[in-house]
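The block underneath contains the structure these notes are about, expressed in structure tokens.
A note on names: the letters A, B, ... follow the listed sequences, proteins ahead of strands, and every chain is numbered from 1.
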Number of protein chains: 2
Amino acid sequence: MTGTDGRPTTTQDARRNDTVAAVVRQWQTVHPDLDTGPMEIIGRVNRCAALLQQAEDAPLRRAGLSRPEFDLLGALRRTGHELTPGELARETFSSGAAVTKRLKALTERGLVERRGDARDRRVAHVRLTDTGRDLVDGILPEQLAYETSVLSGIDPTQRDELASLLAGLLGRLEGLAGVLRP
Amino acid sequence: MTGTDGRPTTTQDARRNDTVAAVVRQWQTVHPDLDTGPMEIIGRVNRCAALLQQAEDAPLRRAGLSRPEFDLLGALRRTGHELTPGELARETFSSGAAVTKRLKALTERGLVERRGDARDRRVAHVRLTDTGRDLVDGILPEQLAYETSVLSGIDPTQRDELASLLAGLLGRLEGLAGVLRP
DNA sequence: AGCATGTGTTTTACTTGTAAACATTTTTGT
DNA sequence: ACAAAAATGTTTACAAGTAAAACACATGCT
């Protein structure tokens with residue numbers, strides 16, 4: 001089945017039925033001369049991210065963790081070794097000050113430990129405690145299961161296509177960020 | 001040109017070269033049994049949104065506006081009529097309390113005005129001042145021009161495909177939100 | 001009319017992030 | 001070797017969001 005413009009309508013005209021489409025139509029009537037094309041992508045990326053964060057935090061809340069905290073623990077878990085606060089900040093894309101605060105809270109809860117560096121006494125090395133590791137390993141499958149259920153409405157071919165296109169966009173954005181921040 | 005698995009490589013194997021791909025690979029080596037497929041989409045959506053917010057706010061900062069403030073003004077501009085605080089909250093996907101604070105700041109800056117309702121004296125009606133309208137109309141083209149330049153690296157066919165796939169995902173997320181919030 | 005209940009908005013207390021300043025230590029240049 | 005510069009991490013002051021309660025008014029029931 002195809003629409004009058006020949007574009008396939010396998011997603012039941014999703015492009016005409018979400019909130020972003022409505023917003024774009026409003027702008028079009030007020031500023032018919034403006035090219036609103038970028039909104040169709042960027043508006044949707046932003047809105048998807050907002051909704052995902054709302055819903056996705058459910059398994060984390062149960063464990064009493066915020067997502068930024070989980071990201072920090074996850075960085076330690078997936079790299080498999082100790083990281084310094086600075087490395088954690090880069091790895092989780094957050095500021096050093098924010099990492100300092102999170103580390104304080106997570107240390108008090110016994111999820112991470114710190115150790116000074118012998119050579120360079122400015123730096124600390126942070127590692128997961130056993131409790132912290134078990135917590136991450138317990139939450140991650142739930143998180144992925146939830147994410148899988150969210151994506152289950154999209155057929156595998158389209159999922160793959162979407163992942164590739166997003167990778168292209170992300171690569172471009174990260175390239176830009178690298179260029180724009182010398 | 002196609003990769004060894006037959007998938008086209010028009011985006012120069014973007015899927016293997018962004019930060020999310022590296023994270024997924026790390027998880028795979030630590031938990032080889034886990035299905036990390038969802039991360040390829042959801043991780044990228046989140047990361048794209050984060051980068052877009054950092055970079056995209058440039059034209060807004062120049063005008064001394066935060067993005068949530070611009071969203072509020074934009075909602076008034078694109079609907080073309082007055083909105084109540086509650087409607088603004090729904091329209092901009094934020095809490096009523098946040099809207100109250102933003103309205104206070106924007107009113108003090110002379111960008112919006114309030115007017116009481118004659119029938120129902122609980123509600124207020126908010127409208128853009130001429131200054132506010134001019135500000136939105138001045139910023140929007142800059143914003144769209146920047147967004148266009150970000151997306152210019154992706155060819156039009158892929159842009160269209162990406163917009164459609166995101167619309168499908170967003171529709172599903174918004175449907176879920178509706179169902180999960182009775 | 002009088003009171004319970006619902007709705008729209010604001011206020012309050014609190015959480016969390018950021019930017020800028022700071023302290024400490026290392027590196028660099030001469 | 002030593003002063004200046006850079007790097008690392010923390011502290012401080014502040015901005016902005018949220019949840020829950022408070023507030024103000026409207027509506028419906030008896």
Side-chain angles (χ1 to χ4, degrees), chain A residues 46 49-51 53-58 60-61 64-73 75-76 82-109 112-127 181-182, chain B residues 46 49-51 53-55 57-58 60-61 63-73 75-76 82-109 112-127 181-182:
Chain A
N46 286 329
L51 285 173
Q53 295 211 343
Q54 271 194 344
E56 192 175 306
D57 287 349
L60 300 182
R61 288 267 160 98
L65 286 176
S66 69
R67 186 201 298 238
E69 284 172 334
F70 181 74
D71 284 349
L72 194 160
L73 297 177
L76 288 169
E82 297 178 331
L83 294 171
T84 68
E87 289 168 336
L88 280 168
R90 281 186 288 278
E91 203 68 39
T92 61
F93 309 109
S94 39
S95 71
V99 168
T100 297
K101 289 192 178 181
R102 276 173 223 150
L103 284 177
K104 193 181 167 204
L106 294 172
T107 305
E108 282 168 0
R109 292 176 58 182
V112 302
E113 287 173 343
R114 335 178 39 135
R115 166 180 83 71
D117 185 301
R119 307 276 179 102
D120 185 340
R121 292 192 307 186
R122 289 171 303 183
V123 321
H125 296 273
V126 181
R127 64 163 169 265
R181 297 188 168 248
Chain B
N46 286 329
L51 285 172
Q53 296 211 342
Q54 271 193 345
D57 286 350
L60 299 183
R61 288 268 160 98
L65 286 177
S66 68
R67 187 202 297 237
E69 285 172 333
F70 181 74
D71 283 349
L72 195 161
L73 297 178
L76 288 169
E82 297 178 330
L83 294 171
T84 68
E87 288 168 337
L88 280 168
R90 281 187 288 278
E91 203 68 39
T92 62
F93 309 109
S94 41
S95 71
V99 168
T100 297
K101 287 192 179 181
R102 277 174 223 148
L103 284 177
K104 192 181 168 204
L106 294 172
T107 304
E108 282 167 2
R109 292 176 57 183
V112 302
E113 287 173 343
R114 329 179 41 136
R115 164 180 86 69
D117 185 302
R119 306 277 179 103
D120 185 341
R121 291 191 307 186
R122 290 171 303 183
V123 320
H125 295 273
V126 180
R127 63 163 170 264
R181 298 195 167 242

* Tell me what A:Arg67 touches on the nucleic acid: a base, only sugar-phosphate, or nothing, going by heavy atoms under 4.0 Å. => nothing

* To do: Applying salt bridge (charged side-chain N to carboxylate O under 4.0 Å, His left out), name anything that partners A:Asp120, two or more places apart in sequence or on another chain.
  => A:Arg122

* When we call it a touch if two heavy atoms are under 4.0 Å apart, what does B:Ser66 touch: a base, just sugar-phosphate, or nothing? -> nothing

* Interatomic spacing from CZ in B:Arg67 to CZ in B:Arg61 - rounded to 0.5 Å -> 10.5 Å

* Structure fact -> A:Asp117 atom CG is separated from C:dT24 atom P, nearest whole Å, by 18 Å

* Asked: Can you check the A:Arg102 CZ to C:dT15 P distance for me, whole Å?
  -> 16 Å

* When we call it a touch if two heavy atoms are under 4.0 Å apart, what does B:Ser94 touch: a base, just sugar-phosphate, or nothing? -> nothing

* Which two nucleotides bound the region of DNA chain D that has atoms under 4.0 Å from heavy atoms of chain B, read 5' to 3'? -> D:dG17 to D:dA26

* To do: Check if the side chain of B:Arg122 and the base of C:dT7 share a donor-acceptor pair of N or O atoms closer than 3.5 Å.
  => yes

* Asked: With nearest nucleotides of DNA chain D determined for B:Phe93 and B:Arg119 from heavy-atom distances, which residue corresponds to the more 5′ nucleotide?
  -> B:Phe93

* Structure fact -> Whole-Å distance, A:Asp120 CG to C:dA23 C1', equals 14 Å

* Structure fact -> Taken to the nearest whole Å, CD/A:Glu69 to P/C:dT15 is 13 Å

* To do: For B:Gly86, report the nucleic acid contact type (base, sugar-phosphate, nothing); a contact means any heavy atom under 4.0 Å.
  => sugar-phosphate

* To do: Enter the distance from A:Arg114:CZ to A:Thr84:OG1 here, rounded to the nearest 0.5 Å.
  => 10.0 Å

* Spatial distance of atom CG (A:Asp71) from atom OG1 (A:Thr92) [nearest 0.5 Å] -> 7.0 Å

* **DNA chain C: 5'-proximal contact among A:Arg121 and B:Val99 (nearest heavy atom)** => B:Val99

* Closest approach of B:Val99 and B:Ser94, non-hydrogen atoms and distance? -> CG2-OG, 3.9 Å

* If you look at every strand shown and take non-hydrogen atoms under 4.0 Å, does B:Thr100 touch a base, only sugar-phosphate, or nothing? -> base

* If every non-hydrogen atom of A:Gly64 is compared with every non-hydrogen atom of A:Glu69, which pair is closest and at what distance? -> O-OE1, 4.1 Å

* Side chain of B:Val123 only, please: which of C:dT26, C:dT9, C:dA19 is the nearest? => C:dT9

* Asked: Is the count of non-hydrogen atoms from other residues, nucleotides or ligands lying under 6.0 Å from A:Arg115 atom CZ greater than 12?
  -> yes

* Would you indicate what B:Arg90 reaches in the nucleic acid, counting non-hydrogen atoms under 4.0 angstrom: base, sugar-phosphate, or nothing? => nothing

* Asked: Atom NZ of B:Lys101 and atom P of C:dT11: how far apart are they, to the nearest Å?
  -> 11 Å

* **Closest-nucleotide 5' rank along DNA chain D - winner of A:Arg114 and B:Ala97** => A:Arg114

* Structure fact -> Between CG of B:Leu103 and C1' of C:dT9 the distance, given in whole Å, is 10 Å

